[in-house]
Amino acid sequence: MTRETGPFRPFETHFDESAALNTLKQTLNGADDGELFLERRRSEALVFDDGRVRTASYNAAEGFGLRAVRGETAGYAHSTEMTQAALKRAAETARLAVGDGGGRLAAPPQPTNQRLYTDADPMADAEFSVKIETLREIDAFARDLDSRVVQVSASLSASLQEVEILRPEGLRLRDVRPLTRLNVSIIVEKNGRRETGSAGGGGRYGLNGLMAADNWHQTAREALRIAMVNLNAEPAPAGVFDVALGAGWPGILLHEAVGHGLEGDFNRKKTSAFAGLMGERVAAKGVTVLDDGTLPDRRGSISFDDEGTQSGKNLLIEDGVLVGLMQDRQNARLMGVEPTGNGRRESYAHAPMPRMTNTYMLGGTAKREDIVAEIKDGIYAVGFGGGQVDITSGKFVFSCTEAYRVKNGKIGAPVKGATLIGDGATALKQIRAIGNDMELDPGMGNCGKAGQWVPVGVGQPTLLIGGLTVGGSAV
């Protein structure tokens with residue numbers, strides 16, 4: 001496949017802008033909202049596993065999505081055929097949502113010059129052979145760290161998403177979004193027992209920093225540290241315990257158990273555990289939660305969302321009180337509020353919906369060691385893997401990838417197989433201490449909703465939550 005290295009200019013290479021705009025206007029006649037979303041995405045993924053190249057892939061795709069919104073109904077059609085004829089066919093489908101019309105076109109988003117990341121192609125930062133050699137060096141370095149290392153997997157990925165949005169008023173918006181990530185997983189073995197540790201990160205910047213030796217040295221050592229912790233871990237206890245959550249990546253629990261419940265569509269449809277609670281206390285005093293898409297170079301950041309609304313720093317919970325939700329244009333209009341820059345979609349083949357960007361809790365005043373010292377008998381969880389959440393009830397189950405038993409304020413042996421069970425609304429109110437060490441995750445979050453995946457960020461300080469149910473295997 002020949003790589004397309006020139007900029008994405010669909011109205012120079014595929015469409016006549018005036019003809020496309022005329023089709024869009026006809027489609028949205030009598031509608032409340034809508035847009036033409038055009039995208040080109042190129043991505044590369046390299047995986048060096050067990051001493052050899054396991055995967056080396058390059059993908060390129062482009063297409064458009066046409067949306068017409070009338071009330072609660074949205075018509076959406078998409079195509080990989082970037083022609084005026086395909087656009088007209090898509091218009092016939094999208095137009096079905098408008099019906100007899102009667103809608104009033106919503107005010108357009110305000111254009112912005114906000115730039116939160118480079119528009120350079122991260123895949124061009126190094127030759128293919130250099131990327132492979134870097135992964136080979138990571139593999140060798142990790143194996144030399146400890147004789148108990150039996151398997152190493154290292155991966156590099158990079159993508160460049162180029163989007164243009166055409167609005168019926170004639171407004172055109174363009175964004176170029178890079179994304180990179182490095183990950184290292186290590187398996188160690190002792191006396192026939194094998195355990196795994198993983199580490200990595202990335203963001204909206206080039207590969208050069210990730211491929212620097214000092215960066216991947218640290219990543220490999222962290223993956224080994226976690227693997228060795230688990231190799232010496234004891235079975236986790238089961239019961240109701242006080243739980244301290246570490247800073248940074250454990251914010252994924254906040255994202256899943258609380259963040260999704262604060263998305264506008266779930267609240268408008270009253271399927272969220274937080275529906276109808278605006279202005280009421282939903283968390284302990286001192287708990288302040290934001291969703292912020294304006295953080296430079298962060299994985300979840302966007303200059304503007306996939307409807308054209310400038311991303312924002314949106315306050316969701318302030319000192320324990322629910323004060324805001326995340327909104328796209330459709331749900332914001334139906335709820336009588338302003339859009340917040342959270343209308344996101346996986347690609348041109350998907351309609352936008354309210355989604356998180358970088359969701360985090362602000363820090364408090366407590367020191368980490370003082371928080372742990374409060375625990376008489378509990379768990380200190382600093383790493384999380386997979387989890388499940390029910391949006392309506394807020395109930396969650398999360399598995400810990402790194403956790404420790406705490407007794408009488410002292411961190412003891414690591415534990416394996418711990419799961420945290422609870423519900424977001426209750427857990428928020430049971431927060432007893434908030435650390436002064438707020439951190440953002442290293443840049444590895446992906447969020448799924450309604451079959452769509454988008455990159456996100458999370459973060460939090462060390463927290464003490466009273467009375468969480470811990471599932472474990474210790475008798």
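When reading the values below, keep in mind they use all heavy atoms of this one structure, side chains included, and skip hydrogens, waters and symmetry mates.
- Between Lys131 and Met211 the shortest side-chain heavy-atom distance falls below 4.5 Å.
- Applying the ring pair (Phe, Tyr, Trp, His ring centres under 6.0 Å) rule to pairs touching residues 345-369 yields nothing, sequence neighbours excluded.
- For the residue pair Asn342/Asp328, the side-chain donor-acceptor check at 3.5 Å is not satisfied.
- Ile411 and Tyr404 make their closest contact through CG2-CB, 3.7 Å (heavy atoms, listed as atom of the first residue, atom of the second, distance).
- Asp423 approaches Ser393 most closely through the heavy-atom pair CB-O, 4.0 Å.
- In this structure, Arg177 is not positioned above the aromatic face of Tyr117 in the sense of NZ or CZ being under 6.0 Å from the six-membered ring centre and within 45° of the axis.
- Looking at heavy atoms from C-beta onward, Gln161 lies out of side-chain contact with Val176 at the 4.5 angstrom threshold.
- Considering all non-hydrogen atoms of both residues, Pro10 and Glu164 come closest at CD-OE2, 3.7 Å.
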Do Val149 and Leu224 pass the side chain to side chain contact (heavy atoms under 4.5 Å, CB included) test, and can you show the C-alpha distance, the side-chain angles, and the key distance before you say yes or no? CA-CA 8 Å; Val149 174; Leu224 176 63; 3.8 Å; yes
Side chain to side chain contact (heavy atoms under 4.5 Å, CB included) evaluation trace for Val258 with Leu428: CA-CA 8 Å; Val258 177; Leu428 280 176; 3.8 Å; yes
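- Annotation: cation-pi pair Lys449/Phe266 present, NZ/CZ under 6.0 Å from the ring centroid and within 45° of its normal.
- The main-chain N or O of Thr112 is never found under 3.5 Å from a side-chain atom of Gln310 such that the two would form a donor-acceptor pair.
- Checking each of Arg204, Arg40, Arg115 against Asp175 for a salt bridge (charged side-chain N to carboxylate O under 4.0 Å, His left out) leaves exactly one that passes, namely Arg115.
- The side-chain contact (heavy atoms from CB on, under 4.5 Å) test with Ser311 singles out one residue from Leu116, Asp305, Thr357, and that residue is Leu116.
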Decide side chain to side chain contact (heavy atoms under 4.5 Å, CB included) for Leu182 and Trp216; before the verdict, give the C-alpha distance in whole Å, the side-chain angles of both, and the deciding distance to 0.1 Å. CA-CA 8 Å; Leu182 166 72; Trp216 58 256; 3.8 Å; yes
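- We find the CG-CG distance between Leu262 and Leu322 to be 6.0 Å, quoted to the nearest 0.5 Å.
- Looking at Asn358, its side chain does come within 3.5 Å of a backbone N or O of Asp292 through a donor-acceptor pair.
- Glu307 pairs with exactly one of Arg167, Arg329, Arg67 by the side-chain hydrogen bond (donor to acceptor under 3.5 Å, both in side chains) rule, that one being Arg67.
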Pair Gln460, Glu439 - check side chain to side chain contact (heavy atoms under 4.5 Å, CB included), show working. CA-CA 6 Å; Gln460 69 172 41; Glu439 293 180 13; over 6 Å; no
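- A salt bridge links Arg143 with Asp50: the distance from a Lys NZ or Arg NE/NH1/NH2 to an Asp or Glu carboxylate oxygen falls below 4.0 Å.
- By the side chain to side chain contact (heavy atoms under 4.5 Å, CB included) test, Thr196 is found to be paired with Ile187, Ser198, residues two or more places apart in sequence or in another chain being considered.
- Contact of the Asp441 side chain with the Arg298 side chain is registered, since non-hydrogen atoms from C-beta on lie closer than 4.5 Å.
- Between the CZ atom in Phe396 and the CD1 atom in Ile252 there is a gap of 12.5 Å [rounded to 0.5 Å].
- With rounding to the nearest 0.5 angstrom, the CG atom of Leu295 is 6.0 Å from the CG atom of Leu440.
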Let me have the donor-acceptor pairs involving side chains of residues 461-468, under 3.5 Å, with sequence neighbours excluded, atom names and distances please.
{"residue": "Thr462", "atom": "OG1", "partner": "Asp437", "partner atom": "OD1", "Å": "3.4"}
{"residue": "Thr462", "atom": "OG1", "partner": "Asp437", "partner atom": "OD2", "Å": "2.7"}

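- Once rounded to the nearest 0.5 Å, the distance linking NZ of Lys367 with OG1 of Thr365 reads 10.5 Å.
- Here the straight-line distance linking atom CD1 of Ile391 with atom OG of Ser272 works out to 7.5 Å at 0.5 Å rounding.
- Ring orientation note: the planes of His260 and His255 are nearly perpendicular, at an angle over 60° on the 30°/60° scale.
- Although no hydrogens or angles enter the test, the distance criterion places a donor-acceptor pair under 3.5 Å between the side chain of Trp249 and the main chain of Phe384.
- Residues Leu362 and Ile434 approach most closely at O-CG2, 3.8 Å, considering heavy atoms.
- With hydrogens and angles ignored, the 3.5 Å screen pairs no side-chain donor or acceptor of Arg344 with any backbone N or O of Met353.
- Here the CG atom belonging to Asp265 is positioned 9.0 Å from the CD atom belonging to Gln330, to the nearest 0.5 angstrom.
- In terms of heavy-atom proximity, Ile371 sits nearest to Ala244 at CG2-CB, 4.4 Å.
- Formation of a donor-acceptor pair under 3.5 Å by the Asp306 side chain with backbone atoms of Arg345 is found in this model.
- The salt bridge (charged side-chain N to carboxylate O under 4.0 Å, His left out) test with Lys416 is passed by exactly one of Glu195, Glu402, Glu234: Glu195.
- Residues Asn183 and Ala199 share a closest heavy-atom pair of OD1-O, 3.2 Å.
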